[in-house]
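Order of the sequence lines fixes the chain letters, A, B, ..., with proteins taken first and strands second; residue numbering starts at 1 for each chain. This structure is a prediction, so every number in the text was calculated from the model and none was measured. Reckoned from all heavy atoms, side chains included, excluding hydrogens, waters and symmetry mates.
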2 protein chains.
Amino acid sequence: MVRKALLGQLSDLDIRLLRVFRAVVECGGMAAAELELNIGRSTISRHVKDLETRLGLTLCHRGRGGFALTAEGQAVYDATLRLVAALDGFRSDVDDLHRRLTGTLVLALFDKTVSNPASHLHDALGAFHDAAPDAAIEMHVHGINTIERGVLDNQFQVGIIPAHRPSSALDYLPLFGEHMDLYVAPGHPLFATGESDNDDEAIRRHAYAGLGYHSPNMEKSHAMRLRRQATAYDQEAVAILVRSGRYLGYLPDHYARAFVERGQMRRIDNPRFQYDVEFAAIVRHAPKPSRMVQTFLDSLVKAHPQAVMPG
Amino acid sequence: MVRKALLGQLSDLDIRLLRVFRAVVECGGMAAAELELNIGRSTISRHVKDLETRLGLTLCHRGRGGFALTAEGQAVYDATLRLVAALDGFRSDVDDLHRRLTGTLVLALFDKTVSNPASHLHDALGAFHDAAPDAAIEMHVHGINTIERGVLDNQFQVGIIPAHRPSSALDYLPLFGEHMDLYVAPGHPLFATGESDNDDEAIRRHAYAGLGYHSPNMEKSHAMRLRRQATAYDQEAVAILVRSGRYLGYLPDHYARAFVERGQMRRIDNPRFQYDVEFAAIVRHAPKPSRMVQTFLDSLVKAHPQAVMPG
DNA sequence: TGCTAAGTTTCATATTTATGAAACATTTGA
DNA sequence: TCAAATGTTTCATAAATATGAAACTTAGCA
């Protein structure tokens, strides 16, 4: 039976075709997929056609009239996502093997910490290098959720994030603090004068730009009932939104200082609207960190003597 | 970085190498894997070598001295099993799509039912064909566990098995009965005379050949405290064991009749040791069967009017 | 010590796959 | 109605992959 013979060939060679198909679906057509895949439309067309032949299914209707998945195409697309996830899982497993073998420290940290005077991360890395000169270091910058997920998934061995809602699957190591204040920029009604800084209701009246994921930023803005009208997923984006003169927003003092010195931002001097963040290193609770990772954690602690060890 | 470039290529082409590697591991070396893979040892050697190069890992030690996985090799082997399972899952999904699309009835049944006069399965299939002439039929014969698992996994749409321990994930449709008796063959001490058939202890004194998986056979033999000294996984194997003249064993009367008529077996005439089995069609509880499958189930019911519908 | 078994490496060949160019088909929108 | 956009098919070429044969290496066993 021809179908079975063709299906028998599936999986060793057709994954590339499946990846092409997935790109076509996600781009909504072959023309757009050309940019994504960086191969010609005729090649893409042939790959999708070949995949249809191999699977014995019509996956989509496409042409000048537009692109639409068939019901079978949708099912194959869904199955492809699961398969690609498994492939990524395999790759991740092998990556992890390598890290364990080659002694690579994989670190993910939150953005905009380099300018924080309380952060001695650079000292910790220096000490770690002295302790383990042969170890390689891989450093990533991501948002809080990505870092947490990545630590849990073994993509990162250590994460450094502003501590917020804790998870029992993670261990936290407090490191340094960060002071957060509300800022405004020229063009904002509150910029010109400081008289209303102490007027809580006046502050609440204005549009606020805040982070769109769970974080100390979100917690505080909810607590202070600030009216979020712009959502950002990066502090750089918050800074840009503040700079627009239409929003107030929280920024770390050390980060905002450069803007203040240039007259590009002004701090809202109201102690009720300020908050402090504690940055912590996170590792998976189980399995316990390797010796190399523990060496780095020790370096972190030594570099931040003021931090309070948790109970 | 070379490693990343190579790893980037992983998964579209290397799966065949991973399959080869898996076969080598499971065969305990390349020589034995030749038979399994049906390719030459030099090709196998090169594939494993290529895989090691691509992954940047030494997977095994092999040669005249023997075969042994490294720790990394074991991890890659484990990861490969997960990957292959995902590939099989994909294929299974596509297969299921096909069945839904082409109107294929996929049926799995227990062996040795064709000779049972109470079974009107052939009539049901005829009626089904009349009702759905374009539907294709795929028929499998397996043991009870395989059928149950296959129905749950969507490999089979309908299973027909002797009902035993029920599962809430399955719906049961009683169809027909089967009478089971103990049999012995020439050469067995109980074959020559029937006087001791009614002597329960005499029967228990003899070695018994029974099925090695949960089934009415296992339930009854446990209840009657028969001493199982040979384990089979198919009734044909039980028949062979009985024919050896060393064991008594349960067989369906309709199946054993041919042997009895040839003087090759004798029934143990003891009502306490007899039992009846009820065959039932099983389908997954959810999702509900398709119209085509329901059509077949209706045909089954019409073909077995004596069966009792469950409460 | 020498033979055998298991595995490695190189060479040559065949097959498969990928790709862009060019020409064509269909549908939509101006 | 015609041009443009999207996709299809064929051709020619290049690259990648798979394979067995042959020669070689290493280790174990008689």
Is the backbone N or O of B:Ser244 less than 3.5 Å from a side-chain atom of B:Arg246, with the two atoms forming a donor-acceptor pair by type? yes
Give a yes/no answer on whether the side chain of A:Thr43 brings an N or O atom under 4.0 Å of OP1 or OP2 in C:dG20. yes
Value for CG (A:Leu18) from CZ (A:Arg54), rounded to nearest 0.5 Å, stands at 10.0 Å
From CG of A:Leu51 over to P of D:dT8, roughly how many Å is that when rounded to an integer? 13 Å
Between C1' of C:dT17 and CD1 of B:Ile15, the distance in whole Å: 16 Å
Rounded to whole angstrom units, what separation is found between the CZ atom of B:Arg16 and the C1' atom of D:dT19? 10 Å
By nearest heavy atom, map B:Ser42 and B:Asp50 onto DNA chain D; which one lands nearer the 5' end? B:Asp50
Kindly state which residues belonging to residues 25-41 of chain A come within less than 4.0 angstrom of DNA chain D, counting heavy atoms of the residue only, listed by number. A:Gly29, A:Met30, A:Ala31, A:Arg41
Rounding to 0.5 Å, atoms CG (B:Leu69) and OG1 (B:Thr58) come to a distance of 12.0 Å
Give every residue pair that meets the salt bridge (charged side-chain N to carboxylate O under 4.0 Å, His left out) criterion with at least one member in residues 141-152 of chain B, sequence neighbours excluded. none
Take B:Glu26 and B:Arg19, measure what salt bridge (Lys or Arg N to Asp or Glu O under 4.0 Å) needs, and give me the verdict at the end. CA-CA 10 Å; B:Glu26 289 167 5; B:Arg19 286 190 195 275; over 6 Å; no
How many Å lie between NE2 on B:His61 and P on C:dT8, as a whole number? 12 Å
May I ask you to verify if any side-chain N or O of B:Arg46 is less than 4.0 angstrom from the OP1 or OP2 atom of C:dC11? no
Counting only side-chain nitrogens and oxygens, does A:Lys49 get under 4.0 Å of the OP1 or OP2 atom of D:dT8? no
Using atom CD of A:Glu52 as one end and atom P of D:dG7 as the other, report the distance to the nearest whole Å. 13 Å
Are B:His140 and B:Phe156 near enough that their ring centres are under 6.0 Å apart? yes
Taking the side chain from A:His47 and the backbone from A:Arg16, do they hold a donor-acceptor pair closer than 3.5 Å? no
Check this for me, if you would: do B:Glu52 and B:Arg62 make a salt bridge, where the nitrogen-to-carboxylate-oxygen distance has to be below 4.0 angstrom? yes
Any donor-acceptor N/O pair, B:Thr295 side chain to B:Arg291 backbone, under 3.5 Å: yes
C:dT19, OP1 or OP2 - any side-chain N/O from A:His47 closer than 4.0 Å? yes
Could you encode protein contacts along nucleotides 23-30 of chain C as a string, one character per nucleotide from 5' to 3', using B for base contact, S for sugar-phosphate-only contact and - for no contact, with a heavy-atom cut-off of under 4.0 Å? ---BBB--
Atom-pair distance (CD1 on A:Ile44; C1' on D:dA5), nearest Å: 15 Å
Short side-chain N/O contact to D:dT17 OP1/OP2 from B:Arg54, under 4.0 Å: yes
